[in-house]
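Single-structure report; data block below.
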Amino acid sequence: MNRFGKFICKMSTKAEVQTFKTEILPVSKSAIHFDSNDQLTINDESTEKNLLKAAKILSSSDQVVAFPSETVYGLGGSSFNDESIKNIYKAKNRPADNPLITHISSISQINSFFNLEIPEIYKPLIKEFWPGPLTILLPINNNDNQNKLSKLTTANQPTFAVRLPSHPIARALIHLSQVPIAAPSANASTRPSPTLAQHVYHDLQGKIPLILDGGASNVGVESTVIDGLSNPPMLLRPGGVSLEEIKKIGGKNWENIQVAKKISDPNEPVKTPGMKYKHYSPTAKVILVNNEETIKKYISENSLEDKKIALLTTQFFQGNKFNGIVDHLGKSKEEISSNLFSFLRKIDELGVDLIFVESVDEKNEGLAIMNRLNKAASETI
Ligand code: TXA
Ligand code: MG
């Protein structure tokens, strides 16, 4: 991989297939500081230079940039520019009816970008969890400012999704771009979300001009998406902030929050995140397991003795008698979340045919972990 290669772009003779020499530029998150008035200082020259280069692409071209956030790496483009949004969908091969989250760098941008007051219901949650891994839905009421928001980001929903990330690199990039940034996870559609710059490179090399490398994303699963505009309020996607935390901090208005059902009708428009699509899948087949004893039986019943098999354990499985690759996702659910996608990718690269993964219970971070695993898995035994 060439870290310093020049960003070249050539048009193919076929219609509009743009290819890039994807550049990876390092940025140091410890060099970036926001004060309590959202003022930014950067005290490392090359970090500043690389951030400015990325910000320029976002603010003054139709192109996209991958960047680290505390949840997963995002693939950003200006929410005000239809062409940038089209380039996001194109690079990921993402279905056009799956809407995007718009990222801001300070709470005041909800007003300055969209001329909108934050609905009361979100205030206690924003106070506690922003900046951080929480995404809220806001109403689209077509005032002049909101008309600037690309319709392609919302995929015909009556709402748009907004998040203020806590990762200094993500925040600085948005701040310097001076535009709101639409950013899905920076994986190819259906693949596990990326938590390292190398994951993004693996999926999107040649398809985007630039990846900012800021090391590993710690949370490891995406943000929690909530809809406080519906009655009762909904948890659309479990993520970095748990259901229990939302009920506790949100107070009375959030006591009856409903968790969106896992599977929706394929003919319905996508109301809730990722429900319709296969997701988070490595190339190998993933099988969720509740009981270690059933693995042996499954292998023999399906004549899989000759296959290359891996087992990812969480809390209880030992894997001592397992004839294959064994790896431990982590002791706490926090650690399991943080490792989940990168371990699925790592094991996949070993060329295994089958990955058994030990389930966890759905309490706290467990709900987001099991949501991702259920989507990655083809069956549960
Ligand atoms: O942590 C995250 O949220 C990461 C980082 C990069 O910020 N982003 C991310 O984006 O996970 P993406 O596009 O992979 O997932 C966004 C989810 C989708 O499942 C989408 O359906 C849902 O948010 N979503 C976006 N706008 C929505 C809307 N207006 N109504 C309902 N769901 C919406
Ligand atoms: Mg995604």
Side-chain angles (χ1 to χ4, degrees), residues 64-77 79 85 88-89 91-105 129-140 146 149-167 169-171 173-174 180-195 199-200 203-204 211-212 214 217-230 233-241 260 262 264 268-281 337 341 368 371-372 375-376:
V64 298
V65 170
F67 61 92
S69 90
E70 71 278 20
T71 55
V72 299
Y73 272 68
L75 182 63
S79 293
I85 305 303
I88 292 176
Y89 281 95
K92 280 183 60 93
N93 198 18
R94 180 181 175 102
D97 63 351
N98 197 1
L100 303 177
I101 298 170
T102 283
H103 297 68
I104 54 175
S105 63
F129 299 116
W130 272 11
L134 180 71
T135 295
I136 62 171
L137 296 195
L138 292 173
I140 296 179
Q146 279 193 28
L149 179 70
S150 168
K151 300 264 178 301
L152 304 175
T153 62
T154 57
N156 295 324
Q157 300 288 331
T159 58
F160 68 110
V162 179
R163 173 163 115 78
L164 169 50
S166 63
H167 197 295
I169 296 171
R171 255 186 105 183
L173 179 65
I174 303 159
I181 302 296
S185 48
N187 52 291
S189 216
T190 80
R191 296 269 305 152
S193 297
T195 55
H199 298 158
V200 182
D203 283 13
L204 302 182
I211 302 169
L212 292 180
S217 295
N218 293 332
V219 177
V221 293
E222 301 85 341
S223 62
T224 300
V225 183
I226 51 170
D227 180 1
L229 307 175
S230 63
M234 301 282 292
L235 179 89
L236 297 184
R237 176 178 70 182
V241 175
K262 285 178 189 149
S264 74
E268 277 176 24
V270 180
K271 280 203 210 85
T272 45
M275 282 203 326
K276 189 160 99 166
Y277 299 105
K278 188 173 161 64
H279 230 112
Y280 312 120
S281 312
S337 301
F341 291 137
N371 170 278
R372 305 309 187 270
K375 288 200 168 79

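Counting from 1, the numbers follow the sequence of the chain as shown. Owing to the predicted nature of the structure, the values given are computational and were not obtained by experimental measurement. Counting starts at 1 for both ligands and their atoms, in listed order.
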(message) Nearest non-hydrogen contact with atom 2 (C) of ligand 1 belongs to which option: P95, S193, S223?
(response) S223
(message) On a heavy-atom basis, I'd like to know which of I101, V219, D97, N187 is closest to atom 23 (O) of ligand 1.
(response) I101
Considering the heavy atoms of [X], write down every atom of ligand 1 situated less than 4.0 Å from one of them.
X: A161; answer: 25 (C), 26 (N), 27 (C)
X: L236; answer: 31 (C)
X: N98; answer: 18 (C), 19 (O), 20 (C), 21 (O)
X: S185; answer: 8 (N), 9 (C), 10 (O), 12 (P), 14 (O)
X: T159; answer: 28 (C), 29 (N), 30 (N)

(message) Contact between I88 and L100 at the side-chain level, heavy atoms closer than 4.5 Å - yes or no?
(response)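 SC-SC contact between I88 and L100 confirmed.
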(message) A side-chain contact here means heavy atoms from C-beta on lying under 4.5 Å apart; do L236 and L137 qualify?
(response) yes
(message) Please determine whether any non-hydrogen atom of T154 lies less than 4.0 Å from an atom of ligand 1.
(response) no
(message) Using heavy atoms and a 4.0 Å limit, tell me yes or no: is A183 in contact with ligand 1?
(response) yes
Nearest atoms (heavy-atom pairs only) where [X] meets [Y]:
X: S189; Y: P95; result: OG-CD, 3.7 Å
X: P139; Y: F160; result: O-CE2, 3.6 Å
X: V221; Y: F341; result: CA-CE1, 4.1 Å

Looking at ligand 1, does any of its N/O atoms fall within less than 3.5 Å of an N/O of [X]?
X: R94; result: yes
X: K92; result: no
X: T135; result: no
X: Y73; result: no

[X] side chain to [Y] backbone, donor-acceptor under 3.5 Å:
X: D203; Y: N187; answer: no
X: Y89; Y: L152; answer: yes
X: R163; Y: H103; answer: no
X: S217; Y: G220; answer: no

(message) If the cut-off is 2.8 Å, does any N/O/S atom of S185 fall short of it from the Mg ion (ligand 2)?
(response) yes
(request) Tell me yes or no: between the side chains of S223 and T71, is some donor less than 3.5 Å from an acceptor? (result)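 Per modelled atom types, S223 and T71 side chains form no pair under 3.5 Å.
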(request) Scan side-chain atoms only and decide if S79 and T153 contain a donor-acceptor pair under the 3.5 Å cut-off. (result) no
Measure [X] to ligand 1 on non-hydrogen atoms and call it side chain, backbone, both or neither using the 4.0 Å cut-off.
X: L137; answer: side chain
X: T71; answer: side chain
X: Q157; answer: side chain

